[in-house]
2 protein chains.
Amino acid sequence: MNFTNPVHFAKALADDTRQKIMNLVCCQWLSVNEIVEQLNVTQPTVSHHLAILRETELVNTREAGKQTFYSLNQERVAYCCGQLMIKFAPDMTTIDPIE
Amino acid sequence: MNFTNPVHFAKALADDTRQKIMNLVCCQWLSVNEIVEQLNVTQPTVSHHLAILRETELVNTREAGKQTFYSLNQERVAYCCGQLMIKFAPDMTTIDPIE
DNA sequence: ATGACAAATAGACAATTATCTATATGGAAA
DNA sequence: TTTCCATATAGATAATTGTCTATTTGTCAT
């Protein structure tokens with residue numbers, strides 16, 4: 001798994017539609033159309049957001065015939081959150097010494 | 001400590017200048033001018049970014065005479081990262097049962 | 001009071017981004 | 001191979017956001 005720039009990670013999450021998509025595919029594989037059906041945006045808009053999530057490797061992809069299925073890459077979310085913590089909450093990630 | 005919308009949290013982090021500021025004040029109190037000195041942007045730009053970080057409660061503020069000091073609110077970063085994990089990496093946050 | 005300094009706010013402008021419609025691509029079925 | 005369907009891409013437009021200069025606000029020292 002590659003390093004992700006924390007700014008890129010934050011940008012990927014910094015949109016309501018994108019977070020809704022992430023929520024939808026959090027624990028299941030959904031086709032693009034199934035995602036479109038649950039949101040009030042067009043299919044190209046969903047594809048656009050999926051492309052951004054793909055670039056940041058925040059989603060897994062599975063081709064099946066003419067459909068493409070997406071699911072959230074929870075490992076990557078966890079890893080990137082961990083990177084944020086290390087960078088911006090270092091004092092919360094060190095082990096407290098026993099006094 | 002109040003709840004922060006994960007989209008707002010991500011938006012606050014979704015800028016390079018803002019992350020640089022967060023890094024600078026991560027483990028120390030700095031005045032606005034001290035921050036300006038370390039970045040290639042103007043004082044109003046820094047104030048603008050600090051306002052955004054303040055609104056998300058990602059920084060602590062301390063007034064001292066005519067100066068205002070800022071430091072990173074690490075607790076809040078940790079809390080918001082935790083919220084992200086719960087929302088987008090739930091399978092990584094549950095305790096593995098012993099088989 | 002007055003002058004000097006630090007930080008915040010206002011307003012303008014440029015860059016980025018989210019959305020749309022239209023179209024292209026590529027697989028499956030007929 | 002021709003048609004149909006799912007998804008991706010292109011290009012246009014509107015909204016959002018980051019940055020700047022100019023100005024205001026507020027505090028300290030004289």
Side-chain angles (χ1 to χ4, degrees), chain A residues 4-25 28-73 80 88, chain B residues 4-25 28-73 80 88:
Chain A
T4 297
N5 179 330
V7 175
H8 294 163
F9 174 61
K11 278 180 191 279
L13 295 182
D15 180 79
D16 188 52
T17 302
R18 234 149 30 229
Q19 286 209 10
K20 280 183 183 149
I21 291 172
M22 289 174 70
N23 231 21
L24 285 171
V25 299
Q28 62 186 335
W29 290 89
L30 289 181
S31 70
V32 177
N33 253 316
E34 287 171 321
I35 296 168
V36 171
E37 281 164 17
Q38 310 220 31
L39 300 172
N40 284 326
V41 291
T42 63
Q43 175 268 312
T45 295
V46 169
S47 269
H48 165 73
H49 288 301
L50 287 171
I52 290 167
L53 295 174
R54 249 187 283 123
E55 282 156 24
T56 331
E57 294 176 67
L58 287 170
V59 287
N60 304 117
T61 301
R62 208 181 61 199
E63 313 261 334
K66 39 184 176 180
Q67 291 179 301
T68 307
F69 288 84
Y70 286 88
S71 76
L72 189 63
N73 186 345
C80 290
F88 297 121
Chain B
T4 295
N5 179 330
V7 176
H8 294 163
F9 173 61
K11 277 180 192 278
L13 294 182
D15 180 79
D16 188 52
T17 302
R18 241 160 10 240
Q19 286 208 10
K20 280 182 184 148
I21 291 172
M22 290 173 70
N23 231 20
L24 285 171
V25 299
Q28 62 185 337
W29 289 91
L30 290 182
S31 69
V32 176
N33 253 316
E34 288 171 321
I35 296 167
V36 171
E37 280 164 18
Q38 311 220 32
L39 300 171
N40 283 327
V41 292
T42 64
Q43 174 268 312
T45 295
V46 170
S47 270
H48 165 73
H49 288 302
L50 287 170
I52 290 167
L53 295 173
R54 250 187 284 123
E55 281 157 25
T56 331
E57 294 176 68
L58 287 170
V59 286
N60 304 118
T61 300
R62 209 181 60 198
E63 314 261 333
K66 37 185 177 181
Q67 290 178 303
T68 308
F69 289 84
Y70 286 88
S71 75
L72 189 63
N73 185 345
C80 290
F88 297 121

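A, B, ... follow the sequence lines: proteins, then strands. Residue 1 opens every chain. Keep in mind that the numbers below use all heavy atoms, side chains included, and drop hydrogens, waters and symmetry copies.
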Is there a side-chain contact between L13(A) and M22(A), using heavy atoms and a 4.5 Å cut-off?
yes
With nearest nucleotide decided by heavy atoms, which residue, G65(A) or T42(A), maps closer to the 5′ end of DNA chain C?
T42(A)
When rounded to the nearest 0.5 Å, the distance separating CH2 of W29(B) from CG of L72(B) is 10.5 Å
Please evaluate residues V32(A) and F69(A) with respect to the criterion side-chain contact (heavy atoms from CB on, under 4.5 Å), reporting the C-alpha separation (whole Å), side-chain torsions for both, the decisive distance (0.1 Å), and the verdict.
CA-CA 7 Å; V32(A) 177; F69(A) 288 84; over 6 Å; no
Separation of dC5(D) atom C1' from E37(A) atom CD, nearest Å, is 14 Å
How many angstroms lie between atom NE2 of H8(A) and atom CG of L58(A), to the nearest 0.5 angstrom?
12.5 Å
dT19(D) phosphate, OP1 or OP2: any side-chain N/O from H49(B) under 4.0 angstrom?
yes
On a heavy-atom basis, the closest approach of A12(B) and L53(B) is O-CD2, 4.2 Å
Work out which heavy atom in E57(A) is nearest to a heavy atom in N73(A); give both atom names and the distance.
O-ND2, 3.1 Å
Rounding to the nearest 10°, end axes of the helix from dA1(C)-dT30(D) to dA30(C)-dT1(D) built from five pairs each make an angle of 20°
For A14(B) and K11(A), which heavy atoms make the closest approach, and how far apart are they?
O-NZ, 3.6 Å
Here the residues of residues 9-25 of chain A within 4.0 Å heavy-atom distance, strictly under, of DNA chain C are K11(A), D15(A), T17(A), R18(A)
Of all the heavy-atom pairs spanning Q38(B) and L24(B), show the shortest one and how long it is.
OE1-CD2, 3.7 Å
So which atom in T17(A) and which in V41(A) form the shortest heavy-atom distance, rounded to 0.1 Å?
CG2-CG2, 4.4 Å
Short heteroatom pairs, N/O only, protein and nucleotides 7-9 of chain D, under 3.5 Å:
residue, atom, partner, partner atom, Å
dT7(D), OP1, V32(A), N, 3.2
dT7(D), OP1, T68(A), N, 3.3
dT7(D), OP1, T68(A), O, 3.4
dT7(D), OP2, N33(A), N, 2.8
dT7(D), OP2, N33(A), ND2, 2.9
dA8(D), OP1, Y70(A), OH, 2.7
dA8(D), OP2, S47(A), OG, 2.8
dA8(D), N7, Q43(A), NE2, 2.8
dA8(D), N6, Q43(A), OE1, 3.3

Shortest non-hydrogen separation from A10(A) to Q19(B) and the atoms involved
CB-NE2, 4.2 Å
